[in-house]
Amino acid sequence: MATVTRETLVATLEEIALLLELKGANPFKTRAYRQGAEIVQNFDGDIVELAANDELKGIKGFGAALQQKLHELASTGQLEYYNDLKAEFPETLFELFELQGLGPKKIKALYDKLNVDSIDALKKACESGSIAELSGFGAKSVEKILSSIANREKFADRFRLGDVAPLAETLLDRLRDHPKVSRSAIAGSYRRSKETLHDLDFLVATSEPAELTDFFANFPEVHEVIANGDTKASIRLENGLQCDLRAVSNDHFPFALQYFSGSKEHNVALRALALKQGLSLNEYDFTPSGETAVPEVSEEKDIYAALGLQWVPPELRENRGEIEAADKGELPELIELENLRGTFHNHTIASDGKNTLSEMADAAREHGLQYLGIADHSKASFQANGLDEERLLNQAKEIKSFNADSDDFTLLAGTEVDILKDGSLDFSDEILGQLDYCVASVHNAFTLDEETMTKRLIRAMENEHVTMLGHLTGRLLLKRDPYQVNIEKIIDCAAETRTVIELNCNPWRLDMDWRWWHKARDKGVLCSINPDAHATEQLQFLAYGVRLARKGWLQRQDVVNCRPINEILKWLSVPKDKRS
DNA sequence: GCCGTTTTCGGCCCGACTGTTTTCAGTCG
């Protein structure tokens, strides 16, 4: 039997939802499966084991039917109900759902009437003219379908946060500067600081909404206008990124901002809470259902206050306990970029960086930091010009002499030592003992199985010289999957051995993933927010790290590099197993 | 298919935009 993972469960439930839609099933039934997938995805714990042991009872959203199906799937690797459904449609039909403008109804019509069962077949049907004759379809439909097919071939579906942030801010500035705009914001997953995005959601408060949607639809970066109405427009930029604009009145702005910031799950929970209090909440207003007085709202925080909640920072709005915490007044005071005092994982020209020690130090000082840790690659990373023992110790000497001449800034002598295949390190304890600290990372043999990889990392963490673990899973967002490792066990081991876990801020990594930090923090694991900077300008990655740390519920006391230099030196001088 | 401090049955978010309609269905968020 193939290994059943969380992803298996999620994908199967989502596919069942699609299949049910194709069959024209009760839309609420479809939604139950889709929500089930969402619950599995976000579940805090080993959902696969619970399902295998038939212990899902009591989890909200899983009734008898979903419990049984998840149990069958997790325990046998097969699901009869799913297999039967799947047999009713050709495999390639699902590609069609990736096209913008095509949903279950149209796909079913194309399949039933024209036997269109793949994107290739769809393209041919468009070109032959048969689609335009189908009821519900016309010349414009054909044009749109062909454009969707072209877009799918040409553009990515998702984008990294760090790749879109500069453009996002540029477009926001342009909207903000429009004379008819009084308030503006980017909502959606960008505001929630998700590590990858599907689109950007812009929002403006204006008395002239149609003028703004036109303004937006005529941005010079526009590749195509997907829609342009009186209050809403959708464009695709030259780089393929879809951007939506909503133009609302100033009174509606706080509601629209709350609504379009999401997440969907957070909003569903919030609206349910509002209903209990006699208020219906939508993207424009509160509407009282009975005698309830309508609360005064001029800012987004007024909406939360009206429901008896603390204002929930957007990063936390994933329906992972934030509403309950806000209700009790127990939301964390999240870390801010200004709280950082230094950072540990950075490179110089000694290995594969672009700047010298002193250039990196100057740049860090300009960022308002008191200290910078230098952690160049070790010799096993020959592709990155890793340092051998002699070069490493020479660099440490150079750092010492830099510090002797500097009274307001400190460099720390470290290394990013390779964790070798068997979990041993690329430098001896004798060498590591001469450094201020050590980041240990995996840079090769990514394909070990989960158990072997987990043991490998644990062996490294058990070394007294390993201060912290670098980029835990090796993932490159939208490019390379994380390697197989049992993160739960790594967190437990980090807590036990007092090993810090890095939050690598490189926008391609953002690793360890934000979804684990809350749990790690609860177990007493410290985080280090590290830019993994290979050039001075990459110290700016710290901002992304802080955004993701906030998303992981971290406060300044959870992040070791919020501590000032004197505390850091003291902390490093204490034996690792005694550090707190 | 799920849920319940109004309900174990009857609800389940809904508004904007487009295209193909001649008053609305489908898609999207």
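Lettering follows sequence order; numbering is per chain, from 1.
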Rounding to the closest angstrom, what is the interatomic distance between dT21(B) and dC17(B) at atom C1'?
-> 15 Å

Quote, to the nearest angstrom, the C1' distance that separates dA25(B) from dT7(B).
-> 32 Å

Atom pair CG (N504(A)) and CG (L472(A)), whose distance is rounded to the nearest 0.5 Å | 10.5 Å

Inspect the contact between R320(A) and E265(A) and indicate whether a charged nitrogen and a carboxylate oxygen are less than 4.0 angstrom apart.
-> no

Considering only NZ, NE, NH1 and NH2 on the basic side and carboxylate oxygens on the acidic side, decide whether R547(A) and E315(A) come within less than 4.0 Å.
-> no

Nearest-nucleotide check on DNA chain B, Q242(A) vs A64(A); residue mapping nearer the 5' end is A64(A)

With DNA chain B as reference, determine whether S135(A) or I59(A) sits nearer its 5' end, using the nearest nucleotide of each.
-> I59(A)

What is the separation between atom [atom1] on [X] and atom [atom2] on [N], rounded to the nearest whole Å?
X	N	atom1	atom2	result
N26(A)	dC3(B)	CG	P	15 Å
F216(A)	dC17(B)	CZ	P	13 Å
L245(A)	dG15(B)	CG	P	20 Å
E283(A)	dC17(B)	CD	P	11 Å
R31(A)	dC2(B)	CZ	P	13 Å
N267(A)	dG15(B)	CG	C1'	15 Å
F255(A)	dC14(B)	CZ	C1'	16 Å

Counting side-chain heavy atoms from CB outward, which of dT20(B), dG15(B), dC2(B) is closest to Y284(A)?
-> dG15(B)

Within residues 93-131 of chain A, those residues having any heavy atom closer than 4.0 Å to DNA chain B are L99(A), Q100(A), G101(A), L102(A), G103(A), P104(A), K105(A), K106(A)

Any [X] side-chain N or O less than 4.0 Å from OP1/OP2 of [N]:
X	N	value
T231(A)	dC17(B)	yes
R246(A)	dG29(B)	no
S141(A)	dT20(B)	yes

Centroid-to-centroid, F155(A) to H223(A), below 6.0 Å?
-> yes

Taking the six-membered ring for Trp, is the centroid-to-centroid distance between Y284(A) and Y259(A) below 6.0 Å?
-> no

Work out which heavy atom in C527(A) is nearest to a heavy atom in W517(A); give both atom names and the distance.
-> CB-CZ3, 3.5 Å

Watson-Crick or G-U wobble mate for dC3(B), both contacts under 3.5 Å = dG10(B)

Tell me whether the guanidinium CZ or amine NZ of R521(A) lies under 6.0 angstrom from the six-membered ring centre of W553(A) and within 45° of its axis.
-> no

